[in-house]
Amino acid sequence: MDALIGILYMLANTLSMIVIIWFIIGLLFAFNVVSRDNQFLWQVERSIAGLLEPLLRPIRRVMPDTGAIDFSPMVLILLINAVLIVLGSL
């Protein structure tokens with residue numbers, strides 16, 4: 001049982017890091033630090049977005065529209081941390 005909790009803990013941490021990496025790449029594009037012509041980063045961003053979209057879509061449906069700022073990645077990280085806390089108490 002401890003091995004299963006350890007694996008879930010590792011997967012949750014990995015998912016959190018993927019969300020943070022996706023956010024940072026988005027900031028690099030938004031502030032023109034990296035051009036969208038950079039095919040490698042554009043493909044990485046699209047791939048991560050494709051992975052995260054099924055997790056973010058339900059959160060976006062529940063949250064109110066805030067305009068240009070998308071808080072759903074932050075909510076996802078908070079939910080992941082809540083799962084980690086629950087797993088840690090088992």
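Transitive grouping of hydrophobic side chains (ILVMFWY, heavy atoms separated by less than 4.5 Å) brings Phe31 and Ile24 into a common cluster. In the hydrophobic clustering of this structure, Leu52 groups with Ile69; members are Ile, Leu, Val, Met, Phe, Trp, Tyr whose side-chain heavy atoms approach within less than 4.5 Å, directly or through other members.
A distance of 4.5 Å separates CG of Leu76 from CD1 of Ile59, quoted to the nearest 0.5 Å. We find the CD1-CZ distance between Ile25 and Phe29 to be 7.0 Å, quoted to the nearest 0.5 Å. In this structure, CG in Asn13 is found 8.0 Å from CG in Asn81, a value given to the nearest 0.5 Å. Here the CD1-CE distance, from Ile20 to Met74, works out to 12.5 Å after rounding to the nearest 0.5 Å. A distance of 6.0 Å separates CE in Met10 from CD1 in Ile7, rounded to the nearest 0.5 Å. Rounding to the nearest 0.5 angstrom, the gap separating the CZ atom in Phe23 from the CG atom in Leu28 is 10.5 Å.
With hydrogens and angles ignored, the 3.5 Å screen pairs no side-chain donor or acceptor of Ser35 with any backbone N or O of Asn38.
Using a 4.5 Å heavy-atom threshold, the side chains of Val19 and Leu56 count as separate. Contact annotation: the side chain of Leu15 never approaches that of Leu11 to less than 4.5 Å [non-hydrogen atoms, C-beta and beyond].
Minimum heavy-atom separation, Ala12 to Ile80: O-CG2, 3.3 Å. The two residues Ile77 and Ser16 make their nearest non-hydrogen contact at CD1-O, 4.3 Å.
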Go through the steps for Val83 and Leu8 under the test side-chain contact (heavy atoms from CB on, under 4.5 Å), then give the verdict.
CA-CA 9 Å; Val83 168; Leu8 291 174; over 6 Å; no
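Residues that satisfy the side-chain hydrogen bond (donor to acceptor under 3.5 Å, both in side chains) test with Glu53, not counting sequence neighbours, are Arg60.
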Donor-acceptor contacts under 3.5 Å from residues 39-51 side chains, at least two apart:
unit_1: Glu45; atom_1: OE2; unit_2: Trp22; atom_2: NE1; d: 3.3
unit_1: Ser47; atom_1: OG; unit_2: Gln43; atom_2: O; d: 2.8

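Within a 6.0 Å sphere centred on CG of Leu4, other residues, nucleotides and ligands contribute more than 12 heavy atoms.
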